[in-house]
Amino acid sequence: MPLVESVQPDAYCASPGEVYRRAARRLWYDTLSAPPDVLAEAVAVASRMDPTPGRVQAAGSFEDVSVSAVLRAALPATASGSLRPRLEWYTCRGAHFHNDAHYPDVLFGVWYLAGPPIDLVFARLAIRLRMHVGDAAVFDPFEPHAVLAPGSERYRRDDYVSAPVSVFLGFELALDEPVRITFMVAPPGKPESNLPVLSSAAAVHPETGTLYAAGHGTPL
């Protein structure tokens with residue numbers, strides 16, 4: 001099913017200036033047919049990059065109307081018009097748990113185009129997406145996530161020192177009203193005290209994805 005709904009409790013996302021919104025309750029996950037030239041370029045990207053184990057490394061941005069057309073055709077119809085034109089290559093040898101809470105106005109998309117099978121893991125949501133070449137996903141960048149070997153329960157750097165390079169084509173969906181509705185992002189508002197707040201100030205345990213409040217050792 002392309003749209004995957006979380007059964008975990010809601011959370012708030014806090015941007016600089018204490019602008020709050022609810023975290024997306026849905027992810028998108030599907031398999032796309034990649035054009036041969038795009039697959040070839042992904043292999044070329046893998047051959048020239050040597051990412052540090054555990055870290056995601058950008059490998060160049062570009063715009064391509066034909067690639068964007070493939071993505072729009074596959075995305076939910078209610079969100080396809082929100083695809084931004086800029087695309088970017090990303091590489092990694094596994095990735096420890098982290099969030100990208102400095103991107104408040106978009107949902108992230110990744111299209112896996114070169115590398116071994118991996119799991120895209122969302123710790124708080126208890127969701128694990130098995131990614132093979134051709135698989136794509138859209139998710140809230142505030143959610144802690146990691147790229148792990150299939151079946152791994154936690155990130156261990158030594159497991160990825162000699163791992164093959166994984167290559168993703170990254171894209172963004174503007175967080176406009178159609179995307180908010182499609183991915184179940186509730187309107188902004190002050191957070192309720194019983195719900196966790198996702199932000200760049202909340203520490204993410206790199207091995208497990210456990211969230212900790214800023215300056216505290218207590219999990220959220």
Side-chain angles (χ1 to χ4, degrees), residues 1-15 20-30 51-57 90-104 106-112 115-132 135-160 163 166 168 170 172-173 175 183-186 191-220:
M1 182 183 299
L3 286 169
V4 180
E5 187 170 338
S6 169
V7 298
Q8 300 301 313
D10 276 350
Y12 280 88
C13 303
S15 304
Y20 294 93
R21 67 166 174 82
R22 291 285 184 110
R25 292 194 56 79
R26 284 177 174 167
L27 297 81
W28 175 80
Y29 174 55
D30 207 353
T52 300
R55 299 184 67 86
V56 178
Q57 183 173 342
Y90 291 102
T91 65
C92 68
R93 284 190 171 93
H96 61 71
F97 282 99
H98 65 285
N99 65 19
D100 297 286
H102 47 291
Y103 291 98
V106 300
L107 297 186
F108 271 9
V110 290
W111 191 6
Y112 193 44
I118 53 92
D119 284 352
L120 183 57
V121 182
F122 300 89
R124 192 189 72 84
L125 301 178
I127 290 176
R128 175 184 296 263
L129 304 179
R130 179 63 50 85
M131 304 290 282
H132 298 86
D135 291 340
V138 172
F139 58 92
D140 195 320
F142 279 71
E143 288 289 352
H145 53 281
V147 177
L148 303 181
S152 293
E153 294 299 326
R154 61 191 299 141
Y155 171 79
R156 295 181 177 87
R157 186 182 188 279
D158 289 349
D159 294 342
Y160 302 95
S166 295
F168 299 87
E172 297 176 353
L173 298 183
L175 197 53
F183 288 87
M184 298 179 67
V185 180
E192 301 169 23
S193 59
N194 62 324
L195 295 179
V197 176
L198 312 177
S199 74
S200 57
V204 178
H205 193 291
E207 293 188 359
T208 65
T210 302
L211 278 165
Y212 297 89
H216 299 276
T218 304
L220 292 173

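Quick note: residue numbers are just sequence positions, from 1. Everything numeric here is computed off the predicted structure, so don't read it as measured data.
- Atom-to-atom distance recorded for Tyr155:OH and Thr208:OG1 is 13.5 Å, nearest 0.5 angstrom.
- Considering CZ of Arg130 and CG of Asp119, their distance stands at 4.0 Å, rounded to 0.5 Å.
- No side-chain heavy atom of Val204 sits under 4.5 Å from any side-chain heavy atom of His98.
- In this structure, CZ on Arg124 lies 12.5 Å from OG1 on Thr210, to the nearest 0.5 angstrom.
- Proximity of Phe183 to Leu107: side-chain heavy atoms (C-beta onward) are separated by under 4.5 Å at one or more points.
- Remark: aromatic rings of Tyr103 and Phe142 are distant, center separation not under 6.0 Å.
- In this structure, Arg26 contributes its side chain and Leu3 its backbone to no donor-acceptor pair below 3.5 Å.
- Judged purely by atom type and a 3.5 angstrom limit, Arg93 uses its side chain to pair as donor or acceptor with the backbone of Ala163.
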If you apply the rule side-chain contact (heavy atoms from CB on, under 4.5 Å), what do you find for Phe97 with Arg154, and how did you get there? CA-CA 9 Å; Phe97 282 99; Arg154 61 191 299 141; 5.6 Å; no
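- Taking each heavy atom of Leu148 and Ala95 in turn, the nearest pair found is CD2-O, 4.2 Å.
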Using side-chain contact (heavy atoms from CB on, under 4.5 Å), reason through Val7 and Leu125 one step at a time and then give a plain yes or no. CA-CA 7 Å; Val7 298; Leu125 301 178; over 6 Å; no
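- Using a 4.5 Å heavy-atom cutoff, the side chains of Met184 and Glu5 are in contact.
- A heavy-atom distance below 4.5 Å is found between the side chains of Leu198 and Leu211.
- Summarising the geometry, atom CZ belonging to Phe108 is positioned 10.0 Å from atom CG belonging to Asn99; distances are rounded to the nearest 0.5 Å.
- Considering every non-hydrogen atom in both Cys13 and Asp140, the closest pair reads SG-OD2, 4.0 Å.
- In this structure, the side chain of His205 does not engage the main chain of Ala203 through any donor-acceptor pair within 3.5 Å.
- The closest donor-acceptor contact from the side chain of Arg128 to the backbone of Ser152 lies under 3.5 Å.
- Pairing each heavy atom of Ser199 with each of Ala14, the nearest pair is CB-O, 3.5 Å.
- Ring-centre distance between Phe168 and Tyr112: below the 6.0 Å cut-off.
- Two residues are said to be in side-chain contact when any heavy atoms from C-beta on lie closer than 4.5 Å; Trp111 and Asp30 fail this criterion.
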I would like to know whether Tyr12 and Arg22 meet side-chain hydrogen bond (donor to acceptor under 3.5 Å, both in side chains); could you show each step before the answer? CA-CA 4 Å; Tyr12 280 88; Arg22 291 285 184 110; 3.0 Å; yes
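- Relative orientation of the Phe122 and His145 rings is tilted, given thresholds of 30° and 60° on the angle between their planes.
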Verdict with reasoning, Glu207 to Arg156, per salt bridge (Lys or Arg N to Asp or Glu O under 4.0 Å): CA-CA 7 Å; Glu207 293 188 359; Arg156 295 181 177 87; 5.9 Å; no
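- Side chains of Val138 and Leu173 form a contact here, defined as non-hydrogen atoms less than 4.5 Å apart.
- Considering all non-hydrogen atoms of both residues, Tyr160 and Gly94 come closest at CD2-CA, 3.7 Å.
- In this structure, Arg25 places its CZ atom where more than 12 heavy-atom neighbours from other residues, nucleotides or ligands lie under 6.0 Å away.
- Taking each heavy atom of Ser166 and Ile118 in turn, the nearest pair found is OG-CG2, 3.9 Å.
- At least one side-chain heavy atom of Val110 sits under 4.5 Å from a side-chain heavy atom of Phe139.
- The shortest heavy-atom contact between Pro206 and His96 is O-CB, 3.3 Å.
- Looking at heavy atoms from C-beta onward, Leu129 lies out of side-chain contact with Asp135 at the 4.5 angstrom threshold.
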